[in-house]
Amino acid sequence: MATFIKPRVPRGMRDILPEQMIRRQYVIDVIRDVFEEFGFEPLQTPAMELSEVLTGKYGPDAEKLIYQAGHTGGKEDISLRYDLSVPLCRVIAMYPQLPKPFKRYQIDPVWRAERPQKGRYRQFFQCDADTVGSDSMLADAENVNLIYQVLSRLGFKQFEISVNDRKLITGIGQFSGVPTAQLGGLYRSIDKLDKIGLDGVTAELRENEIPEDVIKKLLTLLQIEGDSTTVLNEMQEQLEDLEIAREGTAELKELIGYLTTLGVPEECYKVNVAMVRGLEYYTGPIYETVVEEPKIGSITGGGRYDELIGSFSKQSFPATGTSFGIERIIDVMEEFDMFPSTVGKTVTQVLMTVFDDELMKESLKLATQLRQGGIRTEVYFRPARLSAQMKYADAKGIPYAVILGSDELAAGNAAVRDLASREQENVPLDKVVERIKHLINTSEGRQTF
RNA sequence: GUGGAUGUAGCUCAGGGGUAGAGCGCCUGACUGUGGAUCAGGAGGCCGUGGGUUCAAUCCCCAUCAUCCACCCCA
């Protein structure tokens, strides 16, 4: 007896079956449309990079999660990419002739050897838009605008884009007077403010042996509440002696000024001085969108990274960008049933039935006409009982069936059946395409997309 | 990486030391040109994998793998 290999996929990775793939493509289409609307150009880079390109960019914790991708006898030390930003920087350094500012988007998988959880996979898609070669806060404002546009078009009603600035964080660090070695832990504790509250942060700071007077100082900063402008003004006042903090608040004020002009509603973003973000390469404004329900973490993240390209070339460029997490966005949309009814289970719009061998020829002719008319049409592959063919259409969620039997053919007709309403009508053969088109256009919810 | 829970039919799950059940789904028929209803019948499981204890293991013990949850981190 033959022994079989148990069919399975690597941990944290999965197959995306057609029904789910259709939803995915819908989300990707929306994102791509927005990106291109803002003038971002498509870019693709290899799934693997030389390991030296990736190391030393993300910080030691993240670096452990990079997949090694060498093969037996391979001479190169290569790894699967961890994100799309570092490969972009490599591209910028490699092709100096690209006109600046360079705006590109990339929608591709990345790999991280994390322990999987809901909304956390080892292979997942990032959808990145980045602007290289401009230090204008308008570029950063555009990133936030992208997030706003994409999420509202996907039907997200309530979301809040947290905005902060690495310079402001550095200022807070200096303000606290905590030695550099402890700074990482300090930031990490502060970052949890939204999750564990002031008391929780206080407790954690004490555990990390941060002196009481420092904790007190920090709490006065973290307690600042109000709209973005108020928070920034207060921060500016509290940290006015620190140049780096002044720069941070100035940047954010400029950014918010642009957001207002661009028409991004105020309730969609908020300055959150406690939001830190882990990746080491950020240098200026940073932003992320966290959804509370379901508990899935952040669905977007990004920021300015003016130094990163400098690690590949003498000539450095300021850069900023943002990233969308498709699988988390889809997880949220599925949880709340946010897909429009126009996103169906199948791409097929019409099932062309086949009665018998004689009529097969007529069915194929009609199918060809439908396809030429731009209607996605599937033909049943062999004559079968009509009930079987209907059942197939129903199981696949195909919205319409065209039935061509000897009775219809004799009258020069075909029957056009709406599977959902079970209504059926005879239509002259040369009007079938037109009729189906009309049905598709008028009955939203039964077409695919 | 740390801690915890769970792996039994396609799906959701029950059961329990003597090689297994429900609901839903699926297939067939009643229905020779019309799918979601009804009725009748049927298929489908080395009870995650490997080892141990036992006369005997799906059940007890150990290991391992996978999934989920929390932490960590992040999309």
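Predicted, not measured: the structure shown is a model, and the values here were computed from it. The analysis underlying the following values was restricted to heavy atoms, covering all of them including side chains, and did not include hydrogens, waters or symmetry mates.
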Between the base of B/U2 and the side chain of A/Arg115, is there a donor and acceptor pair under 3.5 angstrom?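 Answer is yes: a donor-acceptor pair is held.
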Ignoring hydrogens and geometry beyond distance, is the side chain of A/Gln389 in donor-acceptor contact with the base of B/U34 at under 3.5 Å?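 No, no donor-acceptor pair under 3.5 Å.
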What's [X] touching, base or sugar-phosphate or nothing? Going by heavy atoms closer than 4.0 Å.
X        : answer
A/Phe125 : nothing
A/Glu288 : nothing
A/Arg328 : base
A/Ile326 : nothing
A/Gly302 : nothing
A/Glu408 : base
A/Tyr121 : base

Could you check which of [options] has an atom nearest any side-chain atom of [X]?
X        : options             : result
A/Ile403 : B/G33, B/A75, B/G4  : B/G33
A/Lys195 : B/G4, B/C74, B/C71  : B/C71
A/Pro116 : B/U34, B/C27, B/C68 : B/C68
A/Gln126 : B/A75, B/G33, B/C27 : B/A75
A/Ser406 : B/C72, B/G4, B/G33  : B/G33

Rounded to the nearest Å, what distance is computed from the [atom1] atom of residue [X] to the [atom2] atom of nucleotide [N]?
X        : N     : atom1 : atom2 : answer
A/Tyr58  : B/C74 : OH    : P     : 13 Å
A/Glu63  : B/G1  : CD    : P     : 17 Å
A/Leu84  : B/A75 : CG    : P     : 11 Å
A/Ile286 : B/A75 : CD1   : P     : 11 Å
A/Phe324 : B/A75 : CZ    : C1'   : 11 Å
A/Met390 : B/U34 : CE    : P     : 10 Å
A/Lys192 : B/C71 : NZ    : P     : 9 Å
A/Ile147 : B/A75 : CD1   : P     : 12 Å

Within the structure, does a side-chain N or O atom of [X] lie under 4.0 Å from either OP1 or OP2 of [N]?
X        : N     : result
A/Gln117 : B/A70 : yes
A/Arg112 : B/C74 : no
A/Arg277 : B/A75 : yes

Would you mind pulling out the nucleotide paired to [N], Watson-Crick or G-U wobble, both distances under 3.5 Å?
N     : value
B/C26 : B/G42
B/A56 : none
B/A75 : none
B/A66 : B/U6
B/C13 : B/G21
B/U34 : none

If you find the nucleotide of RNA chain B closest to A/Ser323 and the one closest to A/Lys118, which residue's nucleotide is nearer the 5' end?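 In this pair, the answer is A/Lys118.
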Let me spell it out: for each of A/Ala388 and A/Arg122, pick the nucleotide of RNA chain B with the closest heavy atom. Which residue's pick is nearer the 5' end?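 The residue closer to the strand's 5' end, by nearest nucleotide, is A/Ala388.
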Any side-chain donor near an acceptor of the partner, [X] and [Y], under 3.5 Å:
X        : Y        : result
A/Thr320 : A/Asn143 : yes
A/Tyr305 : A/Asp130 : yes
A/Ser85  : A/Tyr282 : no
A/Glu63  : A/Tyr82  : no

Check this for me, if you would: do A/Arg328 and A/Asp331 make a salt bridge, where the nitrogen-to-carboxylate-oxygen distance has to be below 4.0 angstrom?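 Looking at A/Asp331 together with A/Arg328, the answer is no, because their closest N to O distance does not fall below 4.0 Å.
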Taking 4.0 angstrom as the limit, do A/Arg24 and A/Glu327 come out as a salt bridge?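 Yes, this pair counts.
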Rounded to whole angstrom, note down the [atom1] distance from [N] over to [M].
N     : M     : atom1 : value
B/G3  : B/C72 : P     : 16 Å
B/G44 : B/C24 : C1'   : 15 Å
B/A5  : B/A9  : C1'   : 23 Å
B/C71 : B/C11 : C1'   : 32 Å
B/C69 : B/G42 : P     : 41 Å
B/A56 : B/G51 : P     : 15 Å
B/A14 : B/C27 : P     : 27 Å
B/G48 : B/U28 : P     : 31 Å

Centroid-to-centroid, A/Tyr105 to A/Phe40, below 6.0 Å?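 No - the distance between ring centres of A/Tyr105 and A/Phe40 does not fall below the 6.0 Å cut-off.
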Determine whether A/Leu65 and A/Trp111 make a side-chain contact, defined as any pair of heavy atoms from C-beta on separated by less than 4.5 Å.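 No, every pair of side-chain atoms sits at 4.5 Å or beyond.
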Return the CD1 to CD distance between A/Ile330 and A/Gln20, rounded to the nearest 0.5 Å.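 If I round to the nearest 0.5 Å, the distance is 6.5 Å.
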